Number of protein chains: 2
Amino acid sequence: MKQDATSPLAGEPGVDRRARILDAAERCFVRSGFHRTTMQDVAAEAGMSPGNLYRYFPSKDAIVEGLAERDRCEMAADFAAIAHADDFMTTFRALGRKHFQDEPRGKAILCLEIWAEATRNATMGEITRTFEREVMGRLAALIEEAQGRGEIPCQVDAHGIAVIICTLGDGLFVRRAILPDFDAEEEVGRVLHLIGALLKGEASLGEANLQHERCDAEASS
Amino acid sequence: MKQDATSPLAGEPGVDRRARILDAAERCFVRSGFHRTTMQDVAAEAGMSPGNLYRYFPSKDAIVEGLAERDRCEMAADFAAIAHADDFMTTFRALGRKHFQDEPRGKAILCLEIWAEATRNATMGEITRTFEREVMGRLAALIEEAQGRGEIPCQVDAHGIAVIICTLGDGLFVRRAILPDFDAEEEVGRVLHLIGALLKGEASLGEANLQHERCDAEASS
DNA sequence: ATAGGGAGAATGAACGTTCATTCTCGCCTG
DNA sequence: CAGGCGAGAATGAACGTTCATTCTCCCTAT
């Protein structure tokens with residue numbers, strides 16, 4: 001399918017047909033949703049014929065799933081990049097700002113679409129759940145690392161905070177997609193501040209799971 | 001089928017045709033989503049013919065919108081009910097548990113569906129935004145009342161916390177819909193605990209909007 | 001020439017909506 | 001009290017459209 005490695009050349013041409021199609025589909029889906037988007041729409045947006053789409057994807061569903069998977073990977077990559085940050089809160093803050101402010105609002109809309117679909121389509125459900133699990137795991141791991149380094153007090157409940165962070169993140173996505181006058185600067189700032197406070201141990205998350213581990217720092221895995 | 005007007009009785013008979021249709025539609029939408037649900041599906045679920053649906057709703061979209069509106073009203077009613085609670089946190093906790101634990105998971109799924117639709121359909125967007133605004137306003141008002149009563153320290157940022165609560169709530173809805181093994185008991189508990197801590201002033205939400213109002217308690221409106 | 005990437009018309013199923021027809025019942029008349 | 005009339009409720013087949021998918025043919029590069 002992809003040709004000579006010599007030329008990933010002008011415009012955005014040869015890169016990969018599939019990528020072009022996914023880009024087009026993403027724009028369509030954000031504009032009209034999965035179900036109101038027709039293959040003709042995607043074809044037009046991608047600057048090719050409807051029939052030709054089927055050379056690269058076996059079905060419309062495959063495009064939807066391909067898109068969900070691609071997004072998941074992009075995000076996972078971002079997370080991986082800060083895997084071993086030196087200062088947790090700083091890199092985390094950057095990550096938050098990137099995903100909730102710098103990325104276009106369309107990403108949030110697409111996200112809603114994917115979630116809605118995930119409640120019915122087994123494949124998309126799996127993709128979504130895997131993603132959630134991965135983010136969660138990485139978050140908890142990062143926090144525990146930071147605790148090992150003494151950056152974060154060790155009586156805070158790493159897992160609990162990771163869940164809260166995910167919940168807040170999902171909530172931000174929803175609000176950003178739904179409210180046209182969503183003030184990203186302010187809302188993201190507030191959420192980040194709150195997370196910062198939690199990580200400093202300024203408020204506990206419940207008596208239940210206080211901490212099972214010892215605190216005498218032995219950190220790096 | 002139904003008899004003498006004397007008895008709005010057994011089963012769920014004469015109440016209102018429209019309600020019966022909305023109930024049926026809700027079940028279908030949760031199962032298959034707005035777009036994969038056909039009018040024939042709704043008709044079958046409602047135990048009537050497709051053509052008859054059009055006696056009560058002018059179009060499929062009207063059913064969708066009717067459903068969104070009905071849900072919004074139900075929730076608003078719940079909020080109104082605790083409008084002047086004596087102990088904020090107690091009644092709030094009950095409200096949270098009701099909506100995130102007792103209500104069936106389908107409500108959360110429907111919510112995702114509505115949100116996704118709200119990003120495109122003007123009518124649904126308006127319904128959703130009105131709802132958000134109302135919940136927000138009421139929350140902030142309740143918190144300020146409680147501050148007036150001295151129940152909550154007045155240096156906490158009522159508006160800021162209201163936004164955080166909404167964000168957490170939206171996030172919980174998403175997680176509940178998406179994760180089949182969502183542990184409502186635990187997650188809702190944790191979120192409620194966090195909100196409780198925030199309301200006790202255990203963590204601030206940023207330096208920006210510390211407080212504009214004086215604190216010398218003058219409360220009841 | 002030829003292969004294969006691509007275009008775009010064709011296909012057929014599915015769906016929202018309509019409408020002619022049937023059913024149900026309360027009410028009026030004798 | 002019987003009989004039948006009429007209005008509103010309900011039915012379900014049919015229509016016209018939309019859309020995913022397929023098919024056929026063309027164009028270009030070798």
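Model, not experiment: these values are computed from the prediction. Each chain gets a letter, A, B and so on, in the order its sequence line appears, and its residues count up from 1.
Remark: Glu103(A) does not engage Arg176(A) in a salt bridge, criterion side-chain N to carboxylate O under 4.0 Å.
When the C1' atom of dT18(C) is taken as reference, atom CZ of Phe57(B) falls 19 Å away, rounded to whole Å. Look at CE on Met48(A): it is 16 Å from P on dT21(D), rounded to the nearest Å. Atom NE2 in His35(B) sits about 13 Å away from atom P in dA20(D), given to the nearest Å. Taking atom CG on Leu53(B) and atom P on dC15(C), their separation rounds to 15 Å, with Å as the unit. Atom CG in Asp41(B) sits roughly 12 Å away from atom C1' in dG16(C) (whole-Å rounding). For Ile63(B) and dC15(C), the CD1 to P distance is 15 Å, given to the nearest whole Å. Between the CG atom of Asn52(A) and the C1' atom of dC25(D) there is a distance of 14 Å, given to the nearest Å.
For the side chain to side chain donor-acceptor pair (under 3.5 Å) with Arg190(A), the lone residue among Glu187(A), Glu186(A), His193(A) that qualifies is Glu186(A).
The shortest distance between the side-chain N/O atoms of Tyr54(A) and the OP1/OP2 oxygens of dG6(C) is not below 4.0 Å. OP1 or OP2 of dA7(C) has at least one side-chain nitrogen or oxygen of Ser49(A) nearer than 4.0 Å. Note on Arg17(B): a side-chain N or O is less than 4.0 Å away from OP1 or OP2 of dA10(D).
In the set dT17(C), dA9(D), dA7(C), dA9(D) carries the atom at the smallest distance from any side-chain atom of Arg55(B). Distance from the side chain of Gln40(A) is smallest for dA20(D) among the nucleotides dG5(C), dA20(D), dA10(D). When each of dT17(C), dG8(C), dA7(C) is scored by its nearest atom to the side-chain atoms of Pro50(A), the top-ranked nucleotide is dG8(C). The nucleotide whose nearest atom lies closest to any side-chain atom of Thr38(B) is, among dT17(C), dA10(D), dG16(C), dG16(C). Here the nucleotide nearest the side chain of Lys60(B), chosen from dG8(C), dA9(D), dG16(C), is dG16(C).
In terms of modelled atom types and a separation under 3.5 Å, the side chain of Arg175(A) and the main chain of Asp170(A) share no donor-acceptor contact.
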Start with the C-alpha distance between Phe182(A) and Leu172(A), add both sets of side-chain angles, then the distance that settles side-chain contact (heavy atoms from CB on, under 4.5 Å), and finish with yes or no.
CA-CA 9 Å; Phe182(A) 177 78; Leu172(A) 282 181; 4.0 Å; yes
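Ring geometry, Phe173(A) versus Trp115(A): the interplanar angle exceeds 60°, so the pair is classed perpendicular (tilted spans 30 to 60°).
If you check every strand for non-hydrogen atoms under 4.0 Å, Met39(A) touches a base. Counting non-hydrogen atoms under 4.0 angstrom, Tyr56(B) reaches the backbone sugars and phosphates but no base.
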